[in-house]
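The structure displayed is predicted, hence computed values, not measured ones.
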Amino acid sequence: MIKVAITDDHEMVVKGLQQMLTESPDIYLTGIYMDGQTLLNGLKDNVPDVLLLDLHLPDSTGEKLAEEILDTYPAINILVLSSIDDIQRVKYMMQIGCKGYSLKNVSQKILLSAIEQVYRGGQYLDPVLKEELLQESITKQHLRPSYIPAVTRREKEILSMLAAGRSSKDIAEELFISIHTVENHRKSLLRKFNVKNSLALLNVAKQKGI
């Protein structure tokens, strides 16, 4: 018997989930919670094996609740059940320890399979989201070697002077701008090239022929 709890503030969604779960002889519904605080209070007395968690609640976010719950109850298997299909949100929830992420239009058969999967220590990802993650990965791999960030004329000047070993003070004096402005351009370049320091910036810029 798998103990399952539902956290969602939409009454129609809750009723649908409740019907799906109670029809299964392998599921025991331990609780239904409409907001984050009620959930946290309920977990003190009744810890489920699997928690179905929505990301949007009246008093908290799913991200915040998941972090707190997993810190206090690491044995709970959280299966996010949300209408949000943003890949960055999906990746974040999985990275912090959630065991699965499903969209709310899931069928009863797939939902029960996902619950059993995470209960047994596996992970579940909605097929639509899995495909989006795959496409994102392929796109990044395709773009990585040839992608060149848009660099302004001034940024190119500063990049060239950094490559020549010039300091921010020297660059500021030669271009008749403040050191603060030079540093702002340097930070912009670091951000555009996704690097942490000037040495890495110069190496990547050289590789890309800038």
Side-chain angles (χ1 to χ4, degrees), residues 1-140:
M1 187 73 69
I2 305 173
K3 296 185 295 183
V4 180
I6 300 171
T7 303
D8 198 300
D9 65 329
H10 294 89
E11 188 174 349
M12 292 300 294
V13 172
V14 170
K15 286 183 177 179
L17 290 173
Q18 186 176 10
Q19 182 176 350
M20 285 186 188
L21 298 179
T22 53
E23 287 179 358
S24 171
D26 300 321
I27 300 293
Y28 174 70
L29 190 59
T30 64
I32 296 174
Y33 308 102
M34 306 293 283
D35 59 68
Q37 191 56 56
T38 304
L39 167 64
L40 295 176
N41 291 337
L43 292 180
K44 294 176 183 178
D45 300 318
N46 208 335
V47 179
D49 299 312
V50 177
L51 171 64
L52 303 182
L53 179 65
D54 188 19
L55 293 185
H56 280 173
L57 296 168
D59 60 345
S60 187
T61 65
E63 291 90 337
K64 182 179 177 182
L65 278 171
E67 289 178 346
E68 185 173 349
I69 290 167
L70 290 171
D71 186 54
T72 309
Y73 309 96
I76 292 180
N77 301 288
I78 296 179
L79 175 59
V80 177
L81 199 57
S82 174
S83 57
I84 299 173
D85 60 357
D86 178 65
I87 290 300
Q88 300 309 313
R89 298 281 285 279
V90 175
K91 289 196 292 188
Y92 179 77
M93 296 305 289
M94 299 299 282
Q95 286 168 358
I96 64 174
C98 294
K99 294 296 179 63
Y101 198 115
S102 175
L103 297 179
K104 282 188 175 180
N105 58 358
V106 64
S107 69
Q108 180 184 37
K109 181 179 179 180
I110 293 177
L111 176 61
L112 293 176
S113 176
I115 290 173
E116 183 174 358
Q117 199 167 322
V118 300
Y119 170 70
R120 299 194 181 284
Q123 291 186 325
Y124 175 82
L125 195 58
D126 192 286
V128 173
L129 302 175
K130 189 179 293 185
E131 178 65 22
E132 288 186 29
L133 280 172
L134 176 61
Q135 291 302 320
E136 181 192 51
S137 176
I138 292 172
T139 301
K140 282 185 176 180

Can you see which heavy atom on Asn77 is nearest to which on Tyr119, and at what distance? ND2-CA, 4.0 Å
So CD1 of Ile27 and OG1 of Thr22: to nearest 0.5 Å the spacing works out to 10.5 Å
Between Ala66 and Ile96, what is the shortest heavy-atom contact and its length? CB-CD1, 3.8 Å
Heavy-atom count check: over 12 atoms from other residues, nucleotides or ligands less than 6.0 Å from Glu23 CD? yes
Would you say Gln108's side chain and Met20's backbone share a donor-acceptor pair under 3.5 angstrom? yes
Looking at Met1 and Asp49, what are the two nearest heavy atoms and their distance? O-OD2, 4.0 Å
So, does Gln123 use its side chain to make a donor-acceptor pair with the main chain of Gly100 at under 3.5 Å? no
Worked verdict on Val90 versus Asp126 for side chain to side chain contact (heavy atoms under 4.5 Å, CB included): CA-CA 10 Å; Val90 175; Asp126 192 286; over 6 Å; no
Asp9 and side-chain contact (heavy atoms from CB on, under 4.5 Å): which single residue from Asp59, Asp54, Val14 fits? Asp54
side-chain contact (heavy atoms from CB on, under 4.5 Å), paired with Tyr101, selected from Asp85, Leu53, Ile84: Ile84
So, Lys64 and Glu68, do they make that salt bridge, N to O below 4.0 Å? no
Begin with the C-alpha distance, continue with both residues' side-chain angles, and end with the deciding distance and a verdict on side chain to side chain contact (heavy atoms under 4.5 Å, CB included) for Leu21 and Ile6. CA-CA 10 Å; Leu21 298 179; Ile6 300 171; 3.8 Å; yes
When every non-hydrogen atom of Pro48 is compared with those of Ile76, the smallest separation belongs to O-CG1, 3.7 Å
Side-chain donor-acceptor pairs under 3.5 Å in residues 30-40, sequence neighbours left out?
from: Thr30; atom 1: OG1; to: Val4; atom 2: O; distance (Å): 3.3
from: Asp35; atom 1: OD1; to: Gln37; atom 2: N; distance (Å): 3.2
from: Asp35; atom 1: OD1; to: Thr38; atom 2: N; distance (Å): 2.8
from: Asp35; atom 1: OD1; to: Thr38; atom 2: OG1; distance (Å): 2.8
from: Asp35; atom 1: OD2; to: Thr38; atom 2: OG1; distance (Å): 3.1
from: Gln37; atom 1: NE2; to: Asn41; atom 2: OD1; distance (Å): 3.2

